[in-house]
Protein chains: 2
Amino acid sequence: MHSIKSLFFCFLLAPLPSQVFADEGLWLFTDPPTAQLQSKYHFRPTPAWLDHLQKSCVRVGDEASGCFVSPDGLVLTNQHVAAEFLQKLSDAGHDYLANGFYAPTHEDEKRCPDLELNVLVAVEDVTHRVNAVVAPGMEPDQAFAARQKAIAEIEKETDNVTGLHSEIVTLYGGASYQLYRYKRYTEVRLVFAPEKQAVFYGGDSDNCEYPRFALDICFFRAYENGKPAHVENYLKISPDGPAANDLVFVSGNPYQTNRQLTVSALANWRDFRLPVYAQVLYRQEVLFSTFGARSLENERRVATDLLVVQSDRKWTANVLDALLDPAFFEKAFQSEKAFRADLASLVSHGSGDGAAGQAALQAFNRIAQAEDDIAQSYNKYSFFEGSSFNPRGFDSELFYIARTLVRAAEERSKPSDERLPEFQDSNRETLELRLFSDAPIYDDVEELKLGSSLTDLAYRFGPTNPLIPQILSGKSPQERAVELVTGTRLKDVAARQQLYAGGAGALKPSSDPMLALAALVDPTARAARKVFDDAAETERQSYADIARARFAFEGHAAYPDATFTLRLSYGPVVGYDENGRFIPPFTTFGDLYRQAAEHQNRPPFGLTKSWQDHQKRLLSPTKFNFVTTADTSGGSSGSPVVNEAGEFVGIVFDNNIQSLAWDFMFDDRQGRTVCVDSAAILEALDRIYEAKALLDELNGGPVADH
Amino acid sequence: MHSIKSLFFCFLLAPLPSQVFADEGLWLFTDPPTAQLQSKYHFRPTPAWLDHLQKSCVRVGDEASGCFVSPDGLVLTNQHVAAEFLQKLSDAGHDYLANGFYAPTHEDEKRCPDLELNVLVAVEDVTHRVNAVVAPGMEPDQAFAARQKAIAEIEKETDNVTGLHSEIVTLYGGASYQLYRYKRYTEVRLVFAPEKQAVFYGGDSDNCEYPRFALDICFFRAYENGKPAHVENYLKISPDGPAANDLVFVSGNPYQTNRQLTVSALANWRDFRLPVYAQVLYRQEVLFSTFGARSLENERRVATDLLVVQSDRKWTANVLDALLDPAFFEKAFQSEKAFRADLASLVSHGSGDGAAGQAALQAFNRIAQAEDDIAQSYNKYSFFEGSSFNPRGFDSELFYIARTLVRAAEERSKPSDERLPEFQDSNRETLELRLFSDAPIYDDVEELKLGSSLTDLAYRFGPTNPLIPQILSGKSPQERAVELVTGTRLKDVAARQQLYAGGAGALKPSSDPMLALAALVDPTARAARKVFDDAAETERQSYADIARARFAFEGHAAYPDATFTLRLSYGPVVGYDENGRFIPPFTTFGDLYRQAAEHQNRPPFGLTKSWQDHQKRLLSPTKFNFVTTADTSGGSSGSPVVNEAGEFVGIVFDNNIQSLAWDFMFDDRQGRTVCVDSAAILEALDRIYEAKALLDELNGGPVADH
């Protein structure tokens, strides 16, 4: 019989995509990489070190990271993370996204209508409780419903006990369920943001590139009951930043990684998920660019949309190119093949692990079948339903509101644990924050987005789907969009509140064209979601089977894929070679001014007047941006970078282009995480922005009402 | 029995899309709309008037129009038409596209490497000769081959007789074949072009919009044997331009219209031709925009590509929106239904026209079948073969050169009339002009375009087509593009000439990666082309049958769809209503300066220094741009607009957005052709550009060496 050790050896020879090498890893705070840090870097994080870092970190909104940097609730994150909220606070007369913002006193701070911050306070393993409700032989949708019910119950009861917000986190594709308890702040105010040109220096050209020169920072303040929140744990900002080759740590909420995917699942990403998304993004980018070019006010209105689309397009196009590299697939294919051979061998030798091996082998086939189901329904799912409630065929905030109201009327009449997850009581606060937001909605932008997305929808489904003529209602997509946007009264927050409060009785979809549209497509959207959710649940169980077989070999040495929950990663501050040239780890203020001069200060490589005027004040050798091999992905934006002493030495704001495929496979030969140096932050606040009160607070000075 | 008259009456009630109303029509010079002009405008063009206009007109390159404006071969067309050639003449130190050009003397004029001009000299009907070779019962591909052979023979023998270049033109989808004889100029020099900012004022935002402020003009000179060509026919430029409501005429080469399409063919345009093209254009636009944003030199290198893509995208998106309007289809559907009912009635009454009616009815079904064939193979055709030799999957000038060399080696060993049309002797000059052009080819641009198009190709065919791994040769699309572009020696014109001259013997595709790629995909590309050509031939015969049935009712009253040959259209200079507001027919220089001031002179609404400095010199009320209902389409760009006296009063450069769907259905409620006023041309040459020698020549003044 093969020993477990010999099988493990096979892994080393033919690593799965998830196989840990170099400093890879998005580690759980409950299961930190202590051994690896000890052996490679002779550093041992203490429980107190970890606890302090964990509780200093903040999850920002629904897709980013940040940290406390003062005892009075001051939060540091990226400006690009905050861009959506800066735009919502702006109007035709005040463009905080373009021109920046600074509140010298608490009174000047501006309330953000729909931003929430969450701090992870405690973690509890509830795997056995969640799995106990699944009886043997249950169908995937039954198992899914049973787990959802158990999860809702646990979340609800803990809410009552602790007063904290609770979330069940699914790890290892379902091999582990963890109860995360968060301290939540929904009253958040804007303190400081630099002007867009300093944040997005180099624009789309420099995005995801290195060397880089971006002051991508933004300060918010968490409030409780109308007063700045007092927090025990916050990070002290290092005036020096890191040195080359220093070991640094990144602590944040990487959004989602797909490093455990089987080859069949990877192929679907390559063959339609990414390409279809790329097509949508190319269309949207042209749409927003051309609309924005018509006037300064147009540009302001679509600024965030454009930034998000450009960033996603860069990611999608580069990841697609990486997945289309036959070498990538060959590597994934060979390692999966070797693993399956090992599993087969384990089964044939009939040990106690044979059953786990058998289950894992069957899991690969079930995943392939589920991927087929997803492939069949993916277009319908993504255009009618959409992940993140953003259907590609109905790209409109007003449509989102209409759909939410239509579904709320139906869902809220059921017990909480039988509802769609986003309508369960535990998510009510988050749902209502967006639904009742008074952030501006512009008719022209809504018509633009909805008209274009309806055109795409009509193309993709028109020839065969009888719903399309009903959706268009005898008009061209563009005309129909205008009719819907001008005809709805959902722009009025009070109307939304009334409809939401009234439930199914108050909601007469026929009274409002957007509500009518949402009601019309809801059966199709829900049906597509069901197919997708069932396949996802099948995959969850299957990946859990694979994970359990791997645990038998590796223990918990492998970290789970990212799930937008707090993780710790680490690595040195080091440069890399590109086309035979060494890219050093740091850029400096001096480099920035040289760049701008080379480009004759033209957009997107120009500097605003204050940066030009204050050039002499800045110290040319001060480090501006740096790179590290520490592992990150999307939601890591805004994550603090700390040194061994636990001091804040920088903030993550990007990945270089060679690391965009990290979502599928880590590779630190050239891949790097890109950060703003803490030295640059302090010096710019001091000498460019003259933000004395803010600096005083960061330095622990007078803060009474700074 | 129904009389023909009563059937005709049905037509008026339920017009086919091609039914003439208002001032619709792209009329043949051999069959001008004399009766319509006489009855509506009391104007009767004389044969001399028509002959002079015809011979003053010039077909520019392979997709635009222009006219002679002096006896010394001076040609006026649009700058946007010339952009490709301006860019080819430019280098890192001279950007004629961006900054403009003026040659005060003949010595200063710059030779364009691959531009040809054609003047239509004579027309002869050869329908009977071409059709005589088709035996009854021949398969479509046999009929196609037989006609191609007859056409090649006619073109060749007339070349020998006249010394002129001959082309057989297929009209009414194949009901008529005409022999067109052209005087061709391949030695063409650049004389004058304004700076891009004056030509593209308003940029992509204003493109296809009105009101408009664009000086979209460019002067070339035709040469013969190293000397300026002397021409008998040229247009005199009116210093005043047209007045409101004046009847004007447009004479040029509209590229292709699709006004005779059956509903089944229209549905394919709506359901995949236009949407797939839109996807490609969105991708390319983002590609060129982002590449161009990196530096001024990058911007220069992709300037023309970007302009073409933006213009095509605007057309495609708007036409798609128009075709997705159910009202459009309902109209087409109802008129086709009525026509088929009339045909059926004709057949059942068994008159002499019964056979024509029967043939037309069967033709509708054959077209539907052919459209199914096209739908099946369209993606393969357009990505592997591509119309205009521009395969969407291999977007690269070097690939075009490689394919041309690979095919030339094979085709040129056959008799001329058995070759693919572009390799026949009559097209040799055109082929070699592009193949041996020494216009610059930039590695970075080639890698960009080829890499992105290979990614698209891999997405669309990768999962099923075994050719894709061979095309990528174990690399990612981007890596493969770099390997191909840096590895080929086809950038060297001498190498191309050598390979071309050596024929199949000299060509060893394995010696060059781009040649090897072209050879690898050629069988697939040719097979897809064959399916497409066969379907096209079936359709040609079928549309001819429909056209013959229509002739029985209408005579030749209906004009044929555009075929990039000389046509005459007419209509008044009139404004239109839009969203309840009247858009006047003219803009003025004064309006331009007001526009620029409103936009704070920011791009794309800014003015260059010379326009700012010389504001006082220009007369504020001088008419700048105007609109007319005269019928046009794509290739009409650069067409002269003349008045009843035959004087040049303006030049066509665009269509407004409401007329983009004219390619499928004419509608002049809002649709307009957009032109530069001749008064603005003369005044700008005089007061902004101080182009005295050029003005003297236009005014018939001293030209010895102007």
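None of the values given here were measured: they were computed from a predicted structure. Letters A, B, ... are given to chains in the order of the sequence lines, protein chains preceding strands, and every chain is numbered from 1.
- Between Pro604(B) and Ala293(A) the shortest heavy-atom distance is CD-O, 3.6 Å.
- Across Glu479(B), Arg283(B), Gln310(B), the residue that shares the most heavy-atom pairs under 4.5 angstrom with chain A is Arg283(B).
- Proximity to chain A is limited to the side chain of Phe605(B), based on heavy atoms less than 4.5 angstrom apart.
- Under the salt bridge (Lys or Arg N to Asp or Glu O under 4.0 Å) criterion, Asp372(B) pairs with no residue, sequence neighbours left out.
- Between chain A and the residues Val280(B), Leu323(B), Thr455(B), the largest count of heavy-atom pairs under 4.5 Å involves Thr455(B).
- Interface residue Leu324(B): backbone and side-chain heavy atoms are both found under 4.5 Å from chain A.
- Between Tyr459(A) and Phe272(B), the shortest heavy-atom contact is CE1-CA, 4.5 Å.
- For chain A, no part of Arg480(B) is nearby; none of its heavy atoms comes within less than 4.5 Å.
- Between Arg294(A) and Glu209(B) a salt bridge is recorded (basic side-chain N to carboxylate O distance below 4.0 Å).
- In this structure, chain A has a heavy atom under 4.5 Å from the side chain of Leu296(B), while its backbone stays farther away.
- For the side chain to side chain donor-acceptor pair (under 3.5 Å) condition, the pairs that include at least one residue of residues 318-327 of chain B, sequence neighbours left out, are Ser476(A)-Asp321(B).
- For the pair Lys314(A)/Thr290(B), no side-chain contact is recorded, criterion being any heavy-atom separation below 4.5 Å from C-beta on.
- Heavy atoms closer than 4.5 Å to chain B are found in both the backbone and the side chain of Gln478(A).
- Once rounded to the nearest 0.5 Å, the distance linking CD of Glu598(B) with OG of Ser295(A) reads 11.0 Å.
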